[in-house]
4 protein chains.
Amino acid sequence: MPSLALTPSELRRRYRAVRAVTESLCAPLLTEDYQTQSRLEASPPKWHIAHVTWFFETFLLRTHLPGHELRFAGFDVLFNSYYESIGQFHPRDQRGLLARPSVEEVYRYRRAIDAGMEALFDRLDREPDTTIEGFIELGLHHEQQHQELLCMDIKAHFAANPLRPVYRADLPRHTVEATVPMRWVEQGEGLHEIGHAPGSGFAFDNESPRHRVWLDGYQLADRLVTNGEYLAFIEAGGYSQARWWLSDGWAHIRRHGWQHPLYWVRDGEGGWLEMTLGGWRKLDVHAPVCHVSYYEAEAFARWAGARLPTEAEIEVVQARQPLRGNFFDQGFLQPMPAGPDGQWWGDLWTWTGSAYLPYPGFRPLEGSAGEYNGKFMCNQMVLRGGCCATSIDHMRASYRNFFCPPDRWAYTGIRLARTP
Amino acid sequence: MPSLALTPSELRRRYRAVRAVTESLCAPLLTEDYQTQSRLEASPPKWHIAHVTWFFETFLLRTHLPGHELRFAGFDVLFNSYYESIGQFHPRDQRGLLARPSVEEVYRYRRAIDAGMEALFDRLDREPDTTIEGFIELGLHHEQQHQELLCMDIKAHFAANPLRPVYRADLPRHTVEATVPMRWVEQGEGLHEIGHAPGSGFAFDNESPRHRVWLDGYQLADRLVTNGEYLAFIEAGGYSQARWWLSDGWAHIRRHGWQHPLYWVRDGEGGWLEMTLGGWRKLDVHAPVCHVSYYEAEAFARWAGARLPTEAEIEVVQARQPLRGNFFDQGFLQPMPAGPDGQWWGDLWTWTGSAYLPYPGFRPLEGSAGEYNGKFMCNQMVLRGGCCATSIDHMRASYRNFFCPPDRWAYTGIRLARTP
Amino acid sequence: MPSLALTPSELRRRYRAVRAVTESLCAPLLTEDYQTQSRLEASPPKWHIAHVTWFFETFLLRTHLPGHELRFAGFDVLFNSYYESIGQFHPRDQRGLLARPSVEEVYRYRRAIDAGMEALFDRLDREPDTTIEGFIELGLHHEQQHQELLCMDIKAHFAANPLRPVYRADLPRHTVEATVPMRWVEQGEGLHEIGHAPGSGFAFDNESPRHRVWLDGYQLADRLVTNGEYLAFIEAGGYSQARWWLSDGWAHIRRHGWQHPLYWVRDGEGGWLEMTLGGWRKLDVHAPVCHVSYYEAEAFARWAGARLPTEAEIEVVQARQPLRGNFFDQGFLQPMPAGPDGQWWGDLWTWTGSAYLPYPGFRPLEGSAGEYNGKFMCNQMVLRGGCCATSIDHMRASYRNFFCPPDRWAYTGIRLARTP
Amino acid sequence: MPSLALTPSELRRRYRAVRAVTESLCAPLLTEDYQTQSRLEASPPKWHIAHVTWFFETFLLRTHLPGHELRFAGFDVLFNSYYESIGQFHPRDQRGLLARPSVEEVYRYRRAIDAGMEALFDRLDREPDTTIEGFIELGLHHEQQHQELLCMDIKAHFAANPLRPVYRADLPRHTVEATVPMRWVEQGEGLHEIGHAPGSGFAFDNESPRHRVWLDGYQLADRLVTNGEYLAFIEAGGYSQARWWLSDGWAHIRRHGWQHPLYWVRDGEGGWLEMTLGGWRKLDVHAPVCHVSYYEAEAFARWAGARLPTEAEIEVVQARQPLRGNFFDQGFLQPMPAGPDGQWWGDLWTWTGSAYLPYPGFRPLEGSAGEYNGKFMCNQMVLRGGCCATSIDHMRASYRNFFCPPDRWAYTGIRLARTP
């Protein structure tokens, strides 16, 4: 568990703040909305808010709060996501079938665990314990990941409904008159260090150890690929020409009939609408293309005469850029067009050409928390940079997100690279 | 459309009564319970209460109430079950994904259509119209069918939840000290008439025309097969011996690992629990075995040295018995042990050895209502007699229910027959 | 087992003749052709010729030929089709994966069993035994069924090959100048007997017992529906209008994209080609439409303002017609246009509107042979009349063939009926 | 296309030799064996021998032999494996259904293309052309890959047959008294070059460009993991403990019920038999464990307190070892126990922890041959070192083989690595 930068009382404030954000995300939901699982890989909001709570109960209260009782029968199984070492778990594809516990009961659970956590903070005020504090910080970053999943899953649920309900009609919007040109940042060849530097704040285990990598010289685009640029690929017949695609990608788009990114539909006049958390909107050609799979990102890059960057190539450049951008905190909940300074963080997670694999010398956390990351290091690709649904205080340059090549319900986009 | 026995004002009273029963069935539900679809063949309660309402709007108000507007956008598609001639319909397996319309909105829809129907009744009071009245009666019998489906589907939803929630803890129960002996009613050979007799009240189109059938002599059991009798089949190894089973049945039980009726689980001590709408209960060996498929019913009958009766064999005998039994109106919502007079109606729909096919000279209703029954006359078997979730005023001797051979989430049971 | 009309020496001659026909059917095959299983429901020719041999070994030699040894290790499992009471069997969908035993080895097996059968006939010459003789006759009718399956499966294998190989280029052909009009035979209402009459020669168990049925008056077409008539249905949009179809049929044709009968393809000029055992031929509009499923037959009948006859309706009329027609023995191996006397037998099995169910009082054969027919009495429809791949000495009026509603690789066609 | 080390006449000799090996591999096959496709990822031998021939016709004769005619109608589609830019191809999963062309016809095709190639060699003798020669060399390496696939697929076909046929009863065997200890070769940290060095002979495009990689210090086992060592993992409950497994691996082994490597079965006495091309043999505990998936290799390594090496880690060490080992040329066609000098090449392809991705600066071959490797760079892992079914003149240190994580019908094994 990485060392902590926060005092117990700062941590308590952060706990309250993060937990409040989760609930604020659910505020616009009806009880019915809490319940649905519109895709197998998405979970009902009710499940998310119970599961993040289960995490605190399981990893903190059960072990570290004397006298804590498991009062919510069955929740240990229902809200365990995938921790084999903890015990059984309810099948992922059946989360949407759980009418009970009710939303109200789940909030009661949340209140009870929050009370337990307050008692644990009281104890930490008296006797600080960096192990416990480390797990709390892990729990908070875990909950922030689920806040992003909530945005993704709510978007998926609302998009699937033919009545086209709107999650938040009041979301702000921002656009520009013209797309800023894509500029290429040059990086010469050399030996670099990437990964989490010990002592520099929180990181997941999969970001360690910090280690050396050799990189040949490369160029990295300073902004994301736009909807307009991606439209050109579509209009050039990109989805019907095998030569741009990986073999698996070509098979996948044909089997599923993909002709465009997820959440695009034609409007009546030959244009496109795009689903957002603010409802269906006319596609903004200046905004970054969103909800593309690895297959689509990779094919687009080939068509554009470029390639996807590796995760190391991104980290080396991104680590030098100030951490600011269109994160959750901006309140757009949708990627926005780049400004004249480019787009280095936020907006969208960008697919890399790197498979999600352990760093040299990687060791998972001890105990059940070791199942958090390591066991998923197969069949997935790394994404970098955070997105408009990521809290900025959850982000850092070494952060490794990962999805399977066909996945596209996350806030995924494309940043190009080139070998000179 | 069959001729009517009811005056417009009687029909209005019946309309109000039937509609009220549907809502009373939903009274114990939480909002979350309205939402779930735990099996592909089951529908969420919210869908049922909207669909039966859609039926009245579509077949009555759109055509017969001047000035009626379709104010609930999209409902014509969402709540159309399968009427191709009316237009598109939402895929059946995705009914559970519709968080919206909300339960409240669906009840608002219900209120609006009820108001329209009251206006239509006002008109009928002034100008009776047997065509319209016939469709209203059809709509009410349709809603009564969905009341039974609501019982089935709620049971399925609650049974699938590992927290074992209870739909109605207050349901009455009834049992006996000993199983009454099974007696065999003899019926000599002869030419009989079966099917709906014109002028004898409401019937679905599939019960007509009344027609002659020749029956060889047979014996029909006067009560249903009990849990205790079925347990003997299980304990004799019935589920592991191919010789009792139809080929399709044997393949099915092995593929799905069936070892007992649906909703049975072993209790801790080698006995059995059974799911009921009153919660999980110790299996009552004197009560009829319930939730068996055609395959199981047919295999049991062979093992027992008997067979399933044909639908004509049942109808001939049942038509002579007074219409009384454990119907919905008794309030048990679960089959109960037979008394000394046998069990001729209600408790459980009994599988027959008759495929669901058109009667000689069958003609479906004209127009879209013709899709009600006729197009399902393939790959299904007939069941007879009504069940504990059927309203008694929905029942008659010519009633043909039908399910596919593997189905068992309905209230299905076994009545035996023998050829002397 | 039905009583026999043949003396042991007649039976021996018949044995030799039937066995020879099977081998003559395989004469045009390459070793490679013996091997393939192009559809799950079809079997490789090699499997057929081994399985019919296995039948004689299993039901005759093992029990009735003293000293018979099972010299072909593993064949008891590999070539058991579905007899649970005999033991395990190789999965049906993996028959095409058995490169071994080789074709040569299978013929060696055939020779060995034939030798054993000759020894058994020697014994029967000395001590006739009607039980044994009955099983031999059953085995011969079984082999004749597999001769028909061989025609079906070879057709399927050859049709699936993009090189369009031809099974027999020398097959004769016959056509007419014009389609003869369809005439309707009237049958008044009455009580009839159908089923196998004891003492009237061989029949399968499923044709018994002979029993009474009441039939309302009906009209039966005197010939089969032609390709030309079916084309009119296609051209009228039959495959794109839900109203003609059973619900299961409509779902099926859309899921599989069916637009026409099996084995039809468009030729270059807007016409149609049809696969035959003589290769791909221009569609003969005067010949009967072939390789349609029950769904298609039933939909066509509805579109044509008629219906499919029941099996009893056919049997009553067919039993009065002399047994002659386009059977296997004619050598066409393809249905041919009707002549002026109509078409009462052969050409194509015609779908009936009767589900394949036991006759009243049906009892399967005792022992393993009881699995021959009875356990398939579910989810299938009856077909009547024989086809161009059926040997005429295998046919009789009470013969009940059966397939599942979507099946169409058999020689299936349409005969219409009407209720006056 | 890499530059060539061979003169045209050497190349002709090599062409004849490689082609002869393919045919010698098929010599023990019956016609029936040529035909079967026992797993979707395997192909029938007939298809292999036609496809490698198609490769020469397509990439050489069609373009470079004036006057060459496509005389074998349909073969361009049937035997195209996956080259989208060349045209359509027959679905992979239906290769086993092609009874025609016959084996004889395929050999006729082979002869015809060989004749064409001889004519092309004649031309090259007169006018050498390194482009053409490069494609010929590519075609030969391609055919050698298919020789290995033939071994794999023949093994799969024979293993699937319950009669347990033997491909070659005469295969030599070799074993030892005791397993030699596993020794660890140390490699200090540093910057290394890997990949194909230009001018050093043939390589596939995916081995280029040669490039620098930084490696931290590591230890590499000098021999493969044995059956005995793997048995210890099984006996320790490895297949029933989630903690050793990647999440996808754990799901996979449970869904498929895997409990041991492919081709192992229990013998009667609690021991194990293993399928080999010499038939089923008692498992040799000293020989390398074979036919394990990436999931199993990765889980075993974790259980053993080690890890899988990266492809760079292997290449750096392997490149220093003389190229010798148990290759196809030894004639065992099965992995053999390591000797005292370890096991650096051959026996089995060893799984690496590296995803199959493009090297920095990778460019596929121009034209259709560019589909050879690049489009598969997703969802696969790299394997290194060659195997007992690989010809030694097909091998080199930079060779990158690749399979999907669940695949195990290739000759795959395990080499361990450790981070000090």
Side-chain angles (χ1 to χ4, degrees), chain A residues 82-85 92 189-193 209 211-218 241-252 294-295 298 302 307-308 310 312-313 352-364 368 370-371 373-381 404-406 419-420, chain D residues 82-85 189-193 209 211-218 241-252 294-295 298 302 307-308 310 312-313 352-364 368 370-371 373-381 404-406 417 419-420:
Chain A
Y82 53 63
Y83 293 85
E84 303 272 358
S85 57
R92 178 173 192 162
E189 70 175 34
L191 201 58
H192 298 273
E193 284 208 336
H211 62 285
R212 281 162 289 184
V213 289
W214 173 267
L215 296 181
D216 289 347
Y218 63 96
Q241 295 164 359
R243 70 186 137 151
W244 310 119
W245 298 83
L246 289 167
S247 180
D248 285 0
W250 181 242
H252 193 88
Y294 176 75
Y295 295 134
E298 212 264 356
R302 183 170 295 112
R307 61 173 172 82
L308 298 179
T310 64
E313 286 174 339
T352 73
S354 301
Y356 178 51
L357 290 169
Y359 281 167
F362 165 69
R363 304 176 80 87
S368 296
E371 294 190 49
N373 280 305
K375 74 181 185 184
F376 300 110
M377 289 176 172
C378 194
N379 300 321
Q380 313 218 41
M381 301 303 286
C404 291
T419 302
Chain D
Y82 53 62
Y83 293 84
E84 303 272 359
S85 57
E189 69 176 35
L191 200 58
H192 297 274
E193 284 208 337
H211 63 284
R212 281 162 288 185
V213 288
W214 173 266
L215 295 182
D216 289 347
Y218 64 96
Q241 295 164 358
R243 70 185 137 151
W244 309 119
W245 298 83
L246 289 167
S247 179
D248 285 0
W250 181 242
H252 193 89
Y294 176 75
Y295 295 135
E298 211 264 356
R302 183 171 295 113
R307 60 174 173 83
L308 298 178
T310 64
E313 286 174 338
T352 73
S354 301
Y356 178 52
L357 290 169
Y359 281 167
F362 165 69
R363 304 176 80 88
S368 295
E371 295 190 50
N373 280 305
K375 74 182 185 183
F376 301 109
M377 290 178 171
C378 195
N379 300 321
Q380 313 218 39
M381 302 302 287
C404 291
T419 302

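Predicted model only: the values in this text are computed from it and were never measured. Chain letters run A, B, ... following the sequence lines, proteins first and then strands; every chain starts at 1.
Contacts between A/S354 and chain D at a heavy-atom distance below 4.5 Å involve the backbone alone (N, CA, C, O). Interface remark: D/Y356 contributes no atoms to any contact with chain A (heavy atom separation under 4.5 Å). For D/Y218, no part lies near chain A; criterion is any non-hydrogen pair under 4.5 Å. Neither the backbone nor the side chain of A/Y82 has a heavy atom closer than 4.5 Å to any heavy atom of chain D. Only the side chain of D/L357 comes within less than 4.5 Å of a heavy atom of chain A; its backbone N, CA, C and O stay farther away.
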Working note: A/L191 + D/W214, criterion side-chain contact (heavy atoms from CB on, under 4.5 Å); need CA distance, chi angles, decisive distance, verdict. CA-CA 8 Å; A/L191 201 58; D/W214 173 266; 3.6 Å; yes
For D/R212 and A/E189, what are the C-alpha separation, side-chain angles and deciding distance, and is it a salt bridge (Lys or Arg N to Asp or Glu O under 4.0 Å)? CA-CA 10 Å; D/R212 281 162 288 185; A/E189 70 175 34; 2.9 Å; yes
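Counting heavy atoms from C-beta on, the side chains of A/T419 and D/P360 never come closer than 4.5 Å.
Between the NE2 atom in A/H211 and the CG atom in D/D216 there is a gap of 7.5 Å [rounded to 0.5 Å].
In this structure A/C404 satisfies the side-chain contact (heavy atoms from CB on, under 4.5 Å) test together with A/Q380, A/P406, A/D407, sequence neighbours excluded.
Of all the heavy atoms in A/D248 and D/C378, the pair that sits closest is OD2-O, 3.7 Å. Heavy-atom minimum distance, D/K375 versus A/W245: CB-O, 4.1 Å.
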